[in-house]
Amino acid sequence: MEGSTGRSKSEMESGSTSNNNESRIAFKEGSWFGQFKNGSNPWIARYVYGLIFLASNLLAWAVRDYGRNAFPEMERLKNCQGGRGCLGAEGVLRVSLGCFAFYFIMFLSTAGTSSLYNCRDTWHSGWWSFKIGLWIALTATAFLVPTFIIQIYGEIAHFGAGVFLLVQLVSVISFITWLNDCCQSDKTEDKCHIHVMLLAIAAYIICIVGIIMMYIWYAPEPSCLLNIFFITWTLVLIQLMTSVSLHPKVNAGILTPGLMGLYVVFICWCAIRSEPAGENCIRKAEASNRTDWLTIISFIVALLAMVIATFSTGIDSQCFQVKKEAPAEDAVPYGYGFFHFVFATGAMYFAMLLIGWNTHHIIKKWTIDVGWTSTWVRIVNEWLAVCVYLWMLVAPIILLRCRQTNESA
């Protein structure tokens with residue numbers, strides 16, 4: 001009797017599991033809207049979270065540039081102090097706080113999720129009406145918070161934005177290393193040899209052209225010593241990465257330093273572009289005091305690039321795994337907790353970009369990441385990227401030598 005009861009229970013459990021799996025498969029075979037409505041596809045869920053993040057970015061920009069015209073009611077709120085505490089830089093921080101709170105709650109509720117068939121997976125991929133309402137409520141509540149709390153959050157956001165930059169940096173370097181390993185594997189080495197050489201040569205040519213153009217645009221006179229230093233030191237770092245990568249003991253090839261060269265040249269370009277408008281060493285349209293179509297396009301591209309960078313970094317949780325294990329059949333496609341953690345720190349990062357990393361800095365309309373603080377943050381990020389890349393090259397050799405020394409001792 002007990003045996004038949006145990007068998008019936010196990011059959012019921014297996015039946016419920018199979019029914020759950022069948023329903024999930026049926027949902028995933030439906031339309032995109034059906035999968036979104038039923039909360040069955042985590043790959044579609046990440047796009048929805050990206051749209052929520054983009055909406056927060058746009059709201060923060062609107063509060064900063066057009067807050068007094070678009071949101072005149074805020075001036076009546078007690079904590080807004082006639083609009084000074086809810087518009088401008090503090091308005092950006094309030095929107096950022098609401099966005100951060102939303103993604104941090106999602107991080108706490110989804111961290112450690114490993115299986116597709118449990119309630120936390122359903123929470124991550126569904127319940128959209130409730131979660132969108134939660135995001136709106138948290139954003140609105142942020143405008144009721146006292147000013148001193150917003151100032152404290154602004155200081156913490158500096159650290160959170162730095163964490164985001166570090167995570168993004170490791171993700172980029174891991175992708176470059178992964179691409180190089182794929183091209184140098186035994187299966188694809190012969191087929192990809194020519195492609196690797198062409199890609200590496202193209203990367204170095206673009207780096208050289210970028211360096212020359214930065215000298216022309218941002219160092220037109222010998223008195224532009226700071227820009228000359230930034231650009232020249234970037235060239236030295238590219239040479240250093242290439243030399244270390246081609247060292248016989250490292251033998252990492254020429255592709256990774258070429259791609260890293262593109263990355264550091266891009267960061268250097270962004271850093272110099274972040275210098276305040278009106279500097280004598282900047283020969284470009286952004287030095288003009290008027291807002292033209294190029295400024296608007298640059299702002300839109302920078303905003304979208306920030307959202308895309310946050311999105312792509314959020315799904316790259318494998319680069320932080322110490323042990324690489326084969327995923328189970330029902331394993332989640334990406335780390336939900338890590339995904340929301342990246343978006344939470346990304347909320348702090350977009351606040352820093354919109355206020356120029358300075359809560360007391362006045363930002364011109366249609367500008368992003370402008371100011372000397374922004375410039376130095378970019379430069380330090382460039383130098384840190386090179387240090388991390390070089391460490392990833394030499395660390396295996398150092399650890400191997402230390403292990404051999406310990407064994408001999």
Full working for side chain to side chain contact (heavy atoms under 4.5 Å, CB included) between L393 and S245: CA-CA 7 Å; L393 292 180; S245 180; 4.2 Å; yes

What is the ring orientation for F341 with F107, classed by angle as parallel under 30°, tilted 30 to 60°, or perpendicular over 60°? tilted

Keeping Y334 on the side-chain end and P42 on the backbone end, is there a donor-acceptor pair under 3.5 Å? yes

Could you give me the CA-CA distance, side-chain angles and deciding distance for R378 and E382, then say whether side chain to side chain contact (heavy atoms under 4.5 Å, CB included) is met? CA-CA 6 Å; R378 294 285 187 181; E382 175 192 348; over 6 Å; no

Exercise: identify the closest heavy-atom pair between G258 and C207: O-SG, 4.0 Å

Looking at L246 and I254, what are the two nearest heavy atoms and their distance? CD2-N, 4.2 Å

Residue pair C99 / Y103, side-chain heavy-atom distance below 4.5 Å: yes

Parallel, tilted or perpendicular: which fits the ring planes of Y153 and F100, with parallel below 30° and perpendicular above 60°? tilted

Parallel, tilted or perpendicular: which one describes the rings of Y49 and F102, with boundaries at 30° and 60°? tilted

S56 and W135: side-chain donor and acceptor closer than 3.5 Å? yes

Can you tell me if S243 and Q239 form a side-chain donor-acceptor pair at under 3.5 Å? yes

Would you say the side-chain atoms of D65 and W61 include a donor-acceptor pair closer than 3.5 Å? yes

Donor-acceptor under 3.5 Å (R64 side chain, I355 main chain): no

Distance from Q168 atom CD to N381 atom CG, nearest 0.5 Å? 7.5 Å

If you define the side chain from C-beta out and look only at heavy atoms, does anything of V172 sit under 4.5 Å from L259? no

Can any side-chain N or O of H158 pair as donor or acceptor with the backbone N or O of W357 at less than 3.5 Å? yes

Roughly how far, to the nearest 0.5 Å, is CD of E275 from SG of C224? 9.0 Å

Ignoring hydrogens, what is the shortest heavy-atom contact between M260 and I176? Give both atom names and the distance. SD-CD1, 3.7 Å

Under 30°, 30 to 60°, or over 60°: which ring-plane class applies to F229 and W233, parallel, tilted or perpendicular? parallel

Supply the atom-to-atom distance I149 CD1 to L97 CG, rounded to the nearest 0.5 angstrom. 9.0 Å

For atom CE of M213, decide whether the heavy atoms of other residues, nucleotides or ligands shown that lie under 6.0 angstrom number more than 12. yes

Just checking F230 against W376, ring centres under 6.0 Å apart? yes

Backbone N/O of T110 and side chain of T113: donor-acceptor pair under 3.5 Å: yes

Considering all heavy atoms of both residues, which atom of F350 and which atom of S96 are nearest to each other, and what is their separation? CZ-CA, 3.9 Å

Tell me yes or no: between the side chains of D121 and Y336, is some donor less than 3.5 Å from an acceptor? yes

So do the side chains of W372 and N358 get within less than 4.5 Å of each other, counting heavy atoms only? no

What's the spacing between T177 OG1 and L255 CG if we round to 0.5 Å? 10.0 Å

Just so I know, are the side chains of I398 and W391 near enough to count as touching, which here means a heavy-atom distance under 4.5 Å? yes

I'd like to know whether T375 forms a side chain to side chain contact (heavy atoms under 4.5 Å, CB included) with I272, so could you lay out the CA-CA distance, the side-chain angles of the two residues, the decisive distance to 0.1 Å, and finally the verdict. CA-CA 6 Å; T375 297; I272 298 178; 5.9 Å; no

Rounded to the nearest 0.5 Å, the CD1 atom of I173 sits from the CG atom of L169 at a distance of 4.5 Å

Contact summary for V92 and A60, nearest pair of heavy atoms: CG2-O, 3.6 Å

Over 12 non-hydrogen atoms of neighbours within 6.0 angstrom of OH in Y204: yes

What distance separates S109 OG from R120 CZ, expressed to the nearest 0.5 Å? 8.5 Å

Is there a side-chain contact between H124 and V332 (heavy atoms, below 4.5 Å)? no

Counting N and O atoms only, with roles assigned by atom type, does the side chain of N251 sit under 3.5 Å from a partner on the main chain of H247, one being a donor and the other an acceptor? no

Heavy atoms, side chains only, cut-off 4.5 Å: are V167 and F338 in contact? yes

When every non-hydrogen atom of A142 is compared with those of I150, the smallest separation belongs to O-CD1, 4.1 Å

Does some side-chain heavy atom of M214 sit less than 4.5 Å from a side-chain heavy atom of I228? no

Can you find a side-chain donor-acceptor pair between Y389 and T256 that sits under 3.5 Å? yes

Aromatic W127 / basic K131 pairing, under 6.0 angstrom, 45° off normal: no

Any donor-acceptor N/O pair, N227 side chain to Y218 backbone, under 3.5 Å: yes

Taking it one step at a time, do L165 and V377 satisfy side chain to side chain contact (heavy atoms under 4.5 Å, CB included)? CA-CA 10 Å; L165 286 175; V377 167; 3.8 Å; yes

So do F343 and I52 actually touch side chain to side chain, heavy atoms under 4.5 Å? no

Without swapping roles, check the side chain of T242 against the backbone of P257 for a donor-acceptor pair under 3.5 Å. no

